[in-house]
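Everything on this sheet refers to the single structure shown next.
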Amino acid sequence: MTKKIAVLPGDGIGQEIVTEAVKIIDCLQTDFDFKVELEEALVGGSAFDDCGSPLPESTMQLARQADAVLLGAVGGHKWEALDIAVRPEKGLLGLRAGLGLFANLRPAILYPQLADASTLKPEIVADLDIMIVRELTGGIYFGQPRGVRTLKNGEREGFNTLVYSEPEIRRIGKVAFDIAAKRNKRVCSVDKANVLECTELWREVMIDEADNYPEIELSHMYVDNAAMQLVRAPKQFDVMVTTNMFGDILSDAAAMLTGSIGMLPSASLDENGKGMYEPIHGSAPDIAGQGVANPLATILSVAMMLRYSLDEAALADRIEAAVRNVLDQGLRTQDIFSDGMRKVGTSEMGDAVVSAMRQ
Ligand code: IPM
Ligand code: MG
């Protein structure tokens, strides 16, 4: 049966970058004997504008039925004043939770062609290749109770709960160890075990689970130190595994090591390898609609989709090679532009990747 991809462009630059990613999928269909069905739906602020919910039931149903989900980005200034329950971000969180996408893989790879685009010295970041494994459906993002309450004295107090069950920790640990087994066999688990009981348990469970992976070297780091080490000596890391919120923060920092957050894809996987694929950057409302956003993170997300959910590793390689090719040609969107290169817009970049794939 033909596999189905749910295409959810979302908000801001989401539409523009997903259009380019779809060009790549179309090229796979016309030139590479690959067949897939695409169906588009609304999510985030655009869905809220359409029907009052950032995650309409029809979108959720499509995502459930599909073999994989391709997502652009959600959010924007326009919706910031909305009640938190219907903000665009809830659409994304609802997809993650509803589909059980607990394992978020965020590779931070420095393309040698972009060494100059990093704000760090080239020798610190050259050949960087880190995989951040972020727990995605638990922790403080989802913990109950949560809210803002008014105390007897009339003062308000906001509260959230950081909670992880042992199975939740163990399953994300397994994902990290399995990935490391195919890489350099080192996992650094990031926690705040010196202060937070929840992550004390996290550390304990990681140590216990590591017994099943004798070939993997497990180390531990407190999150504050990990943030520092990421910018001091990032190449010490192979796979990092951490909680939902720490992973959110550390993956943005890691992204910047590679020059631009506009280059980094991500995969969010469930227990069976079904996944949602999205760039790790947001909806960038400041540049939305201008045709200048970098589509490469979304295009590389399609490559991850082929590799992790659609069992088409050779096609994934092909896309990644095409991206390296356009960088070699000197094509740069504004976020990765440097002197001597040729500045291109979103669609020109997408077209260039398609041509490179055909070569
Ligand atoms: C990310 C984003 C999201 C998150 C937002 C948009 C809810 O920052 O995917 O990193 O915090 O997880
Ligand atoms: Mg984030």
Side-chain angles (χ1 to χ4, degrees), residues 8-15 17-18 42-48 53-55 59 63 69-108 130-143 146 160-162 164 168 172 190 223 226-227 230 240-258 260-270 275-286 288 293-294 297-298 300-301 304-305 335:
L8 314 179
D11 310 319
I13 59 169
Q15 190 72 52
I17 55 180
V18 166
L42 294 174
V43 69
S46 48
F48 176 82
S53 160
L55 183 56
T59 300
V69 180
L70 178 66
L71 186 120
V74 297
H77 306 310
K78 183 175 169 198
W79 303 285
E80 270 162 17
L82 288 177
D83 186 82
I84 197 163
V86 291
R87 269 191 224 147
E89 289 76 6
K90 278 284 172 196
L92 180 57
L93 296 176
L95 278 167
R96 289 173 179 171
L99 298 174
L101 307 174
F102 70 96
N104 185 209
L105 315 187
R106 299 191 160 189
I130 303 177
M131 177 65 92
I132 297 186
V133 178
R134 167 188 179 195
E135 198 293 326
L136 201 61
T137 51
I140 200 165
Y141 270 51
F142 292 94
R146 61 193 294 152
N160 288 90
T161 303
L162 172 61
Y164 271 114
E168 279 179 307
I172 194 71
V190 177
V223 62
L230 263 179
M240 299 176 94
V241 61
T242 191
T243 64
N244 203 340
M245 187 161 75
F246 294 164
D248 178 45
I249 299 166
L250 294 179
S251 62
D252 267 33
M256 206 50 224
L257 304 174
T258 71
S260 170
I261 198 166
M263 291 298 298
L264 298 189
S266 76
S268 306
L269 305 175
D270 74 1
M276 179 159 83
Y277 298 83
E278 52 177 315
I280 85 157
H281 60 69
S283 59
D286 51 319
N294 186 347
T298 318
L300 291 166
S301 298
M304 286 189 96
M305 173 188 291
D335 55 311

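Hydrogens, waters and symmetry mates play no part in the numbers below; they use all other heavy atoms, side chains included. Order of listing sets the numbers, starting from 1, for every ligand and every atom in it.
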Checklist entry - Where do Lys90 and Leu55 land on the side chain to side chain contact (heavy atoms under 4.5 Å, CB included) test, with the steps shown first? => result CA-CA 8 Å; Lys90 278 284 172 196; Leu55 183 56; over 6 Å; no

Item to check | Option set Arg96, Glu89, Glu278, criterion heavy-atom distance to atom 3 (C) of ligand 1, minimum | outcome: Arg96

Could you tell me the residue and atom name of the protein heavy atom closest to [atom], and the distance to it rounded to 0.1 Å?
atom                    : result
atom 8 (O) of ligand 1  : Asp248 OD1, 3.2 Å
atom 1 (C) of ligand 1  : Arg106 NH2, 3.3 Å
atom 11 (O) of ligand 1 : Tyr141 OH, 2.6 Å

Checklist entry - If you measure from each heavy atom of Arg134 to ligand 1, is any distance below 4.0 Å? => result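 Per 4.0 Å heavy-atom rule, Arg134 contacts ligand 1.
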
Next on the checklist: Tell me whether ligand 1 is touched by Lys90 - counting only heavy atoms on the residue side and a distance under 4.0 Å.
Outcome noted: no

Would the distance check show the side chain of [X] and the main-chain N or O of [Y] forming a donor-acceptor pair, the cut-off being under 3.5 Å?
X      : Y      : result
Asn160 : Arg146 : no
Ser46  : Asp11  : no
Thr59  : Leu42  : yes
Asn244 : Leu136 : yes

Checklist entry - Name of the Asp248 N, O or S atom nearest the Mg ion (ligand 2)? => result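 Result for Asp248 and the Mg ion (ligand 2): OD1.
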
Next on the checklist: Applying a heavy-atom cut-off of 4.0 Å, say which part of His281 lies close to ligand 1: side chain, backbone, both or neither.
Outcome noted: neither

Item to check | Sub-3.5 Å N/O-N/O distance, Asp252 and ligand 1 | outcome: no

Next on the checklist: Quick check: do Met304 and Pro107 have side-chain heavy atoms less than 4.5 Å from each other?
Outcome noted: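 Contact flag for Met304/Pro107 side chains = yes.
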
Checklist entry - How far apart are the closest heavy atoms of Leu101 and Thr137, and which atoms are they? => result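 Looks like O-CG2, 3.4 Å.
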
